[in-house]
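Here is the structure we will look at.
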There are 2 protein chains.
Amino acid sequence: MSVGIRHDDLRRRNRAMVISAVRRAGQPSRTEIAATTGLSHSTISAISADLIQEGILTESKASEPTALKRGRPQIGLALNPEAAAVLTVVLSLNFLSVAVIDYAGQVIAEEQQRLDTLVMPRDELIGECLAIVRRRLQDPDLDVGSVARIAMGIQGITDSHARAMLWSPITPVTDIPFADILEREFEIPATMENDCNMMAVALRWRDPERYRDNFIAILLSHGIGMGLVLKGELFTGTHSSGGEFGHMIHRPGGALCRCGRRGCVEAYAGNYAIWRSAMGISEDAAPIDIGDADMRALAAKAREKDGPEREAYRRAGEALGFGLGSLFALIDPAPVAMVGVSAAAFDLIEPALREAIAQTAGGQHSNSISFDTEPNELPLIREGCAMRALTFVDQEIFAPGMQARAGKDVA
Amino acid sequence: MSVGIRHDDLRRRNRAMVISAVRRAGQPSRTEIAATTGLSHSTISAISADLIQEGILTESKASEPTALKRGRPQIGLALNPEAAAVLTVVLSLNFLSVAVIDYAGQVIAEEQQRLDTLVMPRDELIGECLAIVRRRLQDPDLDVGSVARIAMGIQGITDSHARAMLWSPITPVTDIPFADILEREFEIPATMENDCNMMAVALRWRDPERYRDNFIAILLSHGIGMGLVLKGELFTGTHSSGGEFGHMIHRPGGALCRCGRRGCVEAYAGNYAIWRSAMGISEDAAPIDIGDADMRALAAKAREKDGPEREAYRRAGEALGFGLGSLFALIDPAPVAMVGVSAAAFDLIEPALREAIAQTAGGQHSNSISFDTEPNELPLIREGCAMRALTFVDQEIFAPGMQARAGKDVA
DNA sequence: ACTATTTTTTTGAGGCTCGAAAAAAAGCCT
DNA sequence: AGGCTTTTTTTCGAGCCTCAAAAAAATAGT
């Protein structure tokens, strides 16, 4: 159960601290690193000398913009872009994209592709994913040997060890152990990440001020997903990627959800649910996929005049509000980011959402709960996958010969 | 944010490991400790020599029952009961109890008292608590100087730092910083713990097989409370003690809850809610406290014949089931312990609960979810407080002069 | 040119854990 | 009884790691 700390773990961990401090801060000096890590200057000096010698960090003397101060000028440390590279794969509805990112976080190659995920058989779906990755890895412009990690992101449920896709709305196929498949094919360590978790990871990197230790990313799209960060750590369920906010029960025995059950939050707030409600289709009708353009048109109509469209968004807001209220009852209120096509219609959703949340125990200070919106989820997922893969590399390069311990660290 | 590991932290942490290994295992030999902690024999030998020399551990050669084996016999290590003592205070409805526990976990003194918590003014309530603690501390039979920690448990909401009671159903008084008050009065470090969290801590010690890394303790009493352990750690909200399972929304706009809102799980499953429903009282009626005897009588009547009483328990089960389903959607299913007077009526609750949970996403494998019942919550709360205080002491004695870091470790 | 200031590196000391070997404490066997 | 085997515990030297203090480096101000 509880494991003691070995003497050699100490250096490994402190190396990790230094690398992650550099990744977070951009171009910190040794002195800055010493301040943020709490380690002594001598330790930081020794470790960074090692890391520079190993080609993981570089001294970037180009730190011109620093204010002219007395004393010996600080030397900024930066990640060496050539130290490694990672590859991200994002599989979403009818769309597959990969990117190669250098160790400093810059995209150095990209490829995207349309495909009919909903009707593709299992082997073909896996084959397309492998093929696009192989094309990128075999690109002559790229030093193949340097790709140290693959992170794949997908909408749906993954297992809590980030190894396999268990279920996804974008395909009828279930239980694909993508991480194992990728590792076997390319002999590169890989993980299979949940899309909403990656959104949360990306938000944390984009705006660490706002999204620090506790926050929630909610995907408002065909389905409703959630990525949750608690105490600075990505929260996953005990078995699965967890956080199935969209399938909390809003009204027992209520509207039919895509998951086959009744009364889930998603059955009121997913795109299909809003559409169904706006069009006067029965709540018992089977969910259908609505295109983004249709949803935008629906939102426009709802803004134009009061009517069933506006009412549909109101009901979505109510479901989300009561759901958030229940969630906040469990974890206390936290900042929320609304992501996805329906986040662009958040103006239509927010009033009813706030009204509902105010009726719950978790919403006691509902006015202080702040929402942010981001209509486009794909870039976030890609960024999240990239950062996750890079932070994994951070923990492998500095740890030569460590015993594999479940990498549950923050990304 | 992220702090490096100092060189001296190393020994401190490994001392902690050894102490907690002994506390968990009872009388482990040095070899056993080395195995569970992963540290080398020499390290364990050095640390335990220190701890014995400091009077924290003792060698217990009385380990007769060990099977006769070849080789040098193992020497069991045990906690020295006289190394320290802790004091627990449990304040519940109309009832106040304290206990003094030695370092090995044995109760060495107790006192209990009835008092009208519902009508006592603030000062009197605090005064009674201080008085009973003072009596125990001044007991001539007790070595006062050795009480190293006080843990107080109370039903209701506490802050996430375990310093203050924010709100409790047992008194109209709010926001009592009990931890500070006790510390100022007795100059002994103190914490203010939530009752359900302590139930969870106690269950973990009572049955580590079943309640290990992920489980849920639910209090079925006047109100509905929850203690949640995730990944081996007690889960609290970000601001408050959190886990307000009873105030998740079951039916938006539904029955009146004690918290003043509508539709909470508690408004269907709390004692008053079951009573209200069984007696045909309106769902809008103000909640009233029902005695345990009345509840037992109600359960007996419900078992006797089908009628409004049985229906009331059915509805409670439904509310709990949908609530658990929503909870499981977020954290994945885990073992559940039902505690409190209504846990004795769990036979009446379980069928509807299972039926409801099966209709939720979190209840996919509802048959595999297991429930355990324990009708009496007070002993659990006391045990939990004791173990929490003792593990705090474990981390103070071994850490002479450590920088205070939020003790968020498991108890 | 010289001093003040700040950052970085070097150096020596002290601690910690580890592995190997030794010591200790039994039971087993002849 | 005495030697042998087995297992646990202790001892000891080696190798690291971090820290504090001193030295070195680099620049601004005078």
Side-chain angles (χ1 to χ4, degrees), chain A residues 3-18 22 27-53 57-61 63-64 66-77 398-403, chain B residues 3-18 22 27-53 57-77 398-403:
Chain A
V3 176
I5 303 180
R6 306 299 202 66
H7 199 225
D8 19 330
D9 289 354
L10 217 157
R11 189 52 172 278
R12 191 169 53 71
R13 293 203 194 194
N14 286 342
R15 278 172 68 110
M17 299 286 333
V18 172
V22 175
Q27 286 200 351
S29 70
R30 292 169 174 80
T31 310
E32 272 176 70
I33 298 174
T36 60
T37 59
L39 297 172
S40 73
H41 287 202
S42 20
T43 304
I44 301 300
S45 190
I47 292 178
S48 44
D50 280 3
L51 292 174
I52 289 171
Q53 203 261 315
L57 298 185
T58 54
E59 289 191 339
S60 72
K61 302 197 175 153
S63 59
E64 310 291 347
T66 55
L68 296 178
K69 288 181 305 185
R70 282 170 88 111
R72 179 172 174 171
Q74 303 188 354
I75 304 174
L77 295 177
F398 63 64
M402 75 176 276
Q403 63 270 43
Chain B
V3 176
I5 302 180
R6 306 301 200 62
H7 199 220
D8 17 329
D9 289 354
L10 216 158
R11 189 51 171 280
R12 190 169 53 71
R13 294 203 193 195
N14 286 342
R15 278 173 68 110
M17 300 284 334
V18 171
V22 175
Q27 285 200 352
S29 69
R30 292 168 174 80
T31 311
E32 272 176 70
I33 298 174
T36 60
T37 59
L39 297 171
S40 72
H41 287 199
S42 16
T43 304
I44 301 300
S45 190
I47 291 177
S48 45
D50 281 1
L51 293 173
I52 289 170
Q53 202 262 315
L57 297 185
T58 55
E59 290 191 339
S60 72
K61 304 196 175 157
S63 59
E64 309 291 347
T66 55
L68 295 177
K69 287 182 305 185
R70 277 170 89 113
R72 178 173 174 171
Q74 303 188 355
I75 305 173
L77 293 178
F398 62 63
M402 73 176 276
Q403 64 270 44

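Numbered from 1 within each chain, the chains take letters A, B, ... in sequence-line order.
Of all heavy-atom pairs between Gln74(A) and Ser29(A), the closest is OE1-OG, 3.0 Å. Of all the heavy atoms in Ile44(B) and Ser48(B), the pair that sits closest is O-OG, 2.6 Å. Considering every non-hydrogen atom in both Leu10(B) and Arg6(A), the closest pair reads CD1-O, 4.5 Å.
As judged by a 4.0 angstrom heavy-atom cut-off over every strand, Asp8(B) is placed among residues making no nucleic acid contact. Among the atoms of the strands shown, base atoms are found under 4.0 Å from some heavy atom of Ser45(B). Nucleic acid contact for Thr31(A): sugar-phosphate only, since backbone atoms but no base atoms lie under 4.0 Å from a heavy atom of the residue.
Atom-to-atom distance recorded for Met17(A):CE and Ile33(A):CD1 is 10.0 Å, nearest 0.5 angstrom.
Phosphate proximity of dC18(C) to Ser40(B): present, with a side-chain N or O under 4.0 Å from OP1 or OP2. Put simply, Arg30(B) has a side-chain N or O that comes within less than 4.0 Å of OP1 or OP2 on dT10(D). Asn14(A) has a side-chain polar atom (N or O) that falls below the 4.0 Å cut-off from OP1 or OP2 of dT18(D).
Rounded to an integer number of Å, the gap from Arg6(B) CZ to dG14(C) P is 19 Å. Rounded to whole Å, the distance from CD on Glu59(B) to P on dA25(C) is 11 Å. dT8(C) atom P lies 10 Å from atom CD1 of Ile52(A), rounded to whole Å. When the P atom of dG14(C) is taken as reference, atom CG of Leu10(A) falls 20 Å away, rounded to whole Å. Look at CD1 on Ile47(B): it is 13 Å from C1' on dG15(C), rounded to the nearest Å. Note: CG (Leu77(A)) to P (dT9(C)) measures 8 Å, nearest angstrom. Between the CD1 atom of Ile5(A) and the C1' atom of dG15(C) there is a distance of 15 Å, given to the nearest Å. Atom CZ of Arg11(A) is separated from atom P of dT17(C) by 17 Å (rounded to the nearest Å).
Counting only heavy atoms from C-beta on, His7(A) has its side chain closest to dC17(D) among dT8(C), dA25(C), dC17(D). In this structure, of dT7(C), dT9(D), dG19(C), it is dT9(D) that holds the atom nearest to the side chain of Ser29(B). Minimum atom distance to the side chain of Ser42(A) is reached by dA20(D), of the listed dT10(D), dT18(D), dA20(D). Nearest nucleotide to the side chain of Arg72(B), out of dT8(C), dA24(C), dG15(C): dA24(C). Of the candidates dA20(D), dT9(C), dT9(D), dT9(D) carries the atom nearest the Ile75(B) side chain, counting heavy atoms from C-beta on.
No side-chain heavy atom of Gln27(B) sits under 4.5 Å from any side-chain heavy atom of Leu77(B). Side-chain contact check for Asp9(B) versus Arg12(B): some heavy-atom pair is nearer than 4.5 Å.
Both His41(B) and Pro73(A) lie near DNA chain C, and the one whose nearest nucleotide falls closer to the 5' end is Pro73(A). Between Leu39(A) and Ile44(B), the one whose closest nucleotide on DNA chain D sits nearer the 5' end is Ile44(B).
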